[in-house]
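Taking it in order: structure first as structure tokens, then the write-up.
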Amino acid sequence: MEETIVAGITIFETVAAMREAVGGWHAAGEEVALVPTMGALHEGHIALVTEGRRHARRIIVSIFVNPTQFAPHEDFKKYPRTFDEDCAKLVAAGADAVFFPPVEEMYPAGFATRVLLLGPAAVGLEDRFRPTHFEGVATICCKLFTQSRADYAIFGEKDYQQLKVVTRMAEDLDLGIRVVPLATIREADGLAMSSRNRYLSAEHRALAPALHRVMQDLAARIRNEDPLFQAVADAQNEIITAGFELDYLEARHAETLAPVTALTDGPIRLLLAARIGSTRLIDNIAV
Ligand code: AMP
């Protein structure tokens, strides 16, 4: 089997090596959870590993900065890559293996397929600002699910629309994997942990917790039955006044992601994307 060991954890660089190991685990009656990531791991990712261990005996973490989910002007080239540190964190977290394929293993010459998405992928949130993003996410997740033959895939609510898109796809395409959600892990000041937080200057890092604070205030107003349209408009203004460029802050149905106009349309989820400097941050909370 083509595997290597880095920082005390097994690395699969090929689909064949991963499948052989999973086949062995399954033959021994052990279930497998997959945690798909792009690396630059933080406590949010580690919490996904911990959640995976609640469901399955074996955990594979994939680390792959997926080119097809980045638009040409986005940060694919400069996306943080910290592989050795990531492996050390994963050993400590109790993961069994890392799937770390080269780009050619995932997209060999001639690769010409994409997953076409409807429903939660086309509701005018992330898809409005990153029109090809979910197509890339779904394509790579579909490949990871079928490559690994894992029983569970653990995803963070941090990327809420992504979670809905991937959950829908796994069900619609009968991929034989259960998508398990995990609540967002935050810094002490409320900022959602993200690999992209390391791009923030000290000044912008100090402003960033405003996003979560404004959403919490907005959620409280909505629960108090303040008129929803006005409450959302006020919160949008607050974020812009704080110095962000706002892509969106919207109240949506928590399951379908369809627009809502009142508390009674709920359950409601607030979803936000905002830019500060050259960093784009996303977050969401339940009302
Ligand atoms: P990424 O490496 O950013 O593509 O994220 C990989 C997985 O980690 C996705 O399922 C994310 O939703 C999840 N994730 C990222 N940040 C957090 C966080 N702060 N809390 C929980 N899950 C997270």
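Keep in mind the model is a prediction, meaning the values are calculated, not measured. Start at 1 and go down the list; that is how both ligands and their atoms are numbered. Residue numbers count from 1 along this sequence.
Taking all atoms of both residues into account, the shortest heavy-atom contact from Y199 to Y79 is OH-CA, 3.4 Å.
Taking every non-hydrogen atom of P36 and a distance limit under 4.0 Å, the qualifying atoms of ligand 1 come out as 6 (C), 7 (C). Of all the atoms in ligand 1, the ones that sit under 4.0 Å from a non-hydrogen atom of M193 are 16 (N), 17 (C), 18 (C), 19 (N).
When each of H212, R213, R205 is tested with D189 by the rule side-chain contact (heavy atoms from CB on, under 4.5 Å), just one qualifies, namely R205.
Geometrically, ligand 1 and L182 share no nitrogen or oxygen pair separated by less than 3.5 Å. Considering backbone and side-chain N/O of H45, one or more are found under 3.5 Å from N/O of ligand 1. For the pair I154 and ligand 1, the shortest N or O to N or O distance does not fall below 3.5 Å. For ligand 1, none of its N or O atoms has an N or O atom of G39 under 3.5 Å away. Among the atoms of D159, some N or O lies under 3.5 angstrom from an N or O of ligand 1.
Contact between A183 and ligand 1 is present, with at least one heavy atom of the residue lying under 4.0 Å from the ligand.
Between D283 and R186 there is a salt bridge, since a side-chain N of the basic residue sits under 4.0 Å from a carboxylate O of the acidic one.
Although no hydrogens or angles enter the test, the distance criterion places no donor-acceptor pair under 3.5 Å between the side chain of T10 and the main chain of A97.
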Practice task
Kindly determine whether Q230 and D234 satisfy side-chain hydrogen bond (donor to acceptor under 3.5 Å, both in side chains), including the steps that lead there.
Solution key: CA-CA 6 Å; Q230 189 58 50; D234 290 347; 2.9 Å; yes

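Between the choices E51, K158, Q162, the shortest heavy-atom distance to atom 14 (N) of ligand 1 belongs to K158.
The aromatic rings of Y152 and H55 lie tilted to each other, with the angle between the two planes from 30° to 60°.
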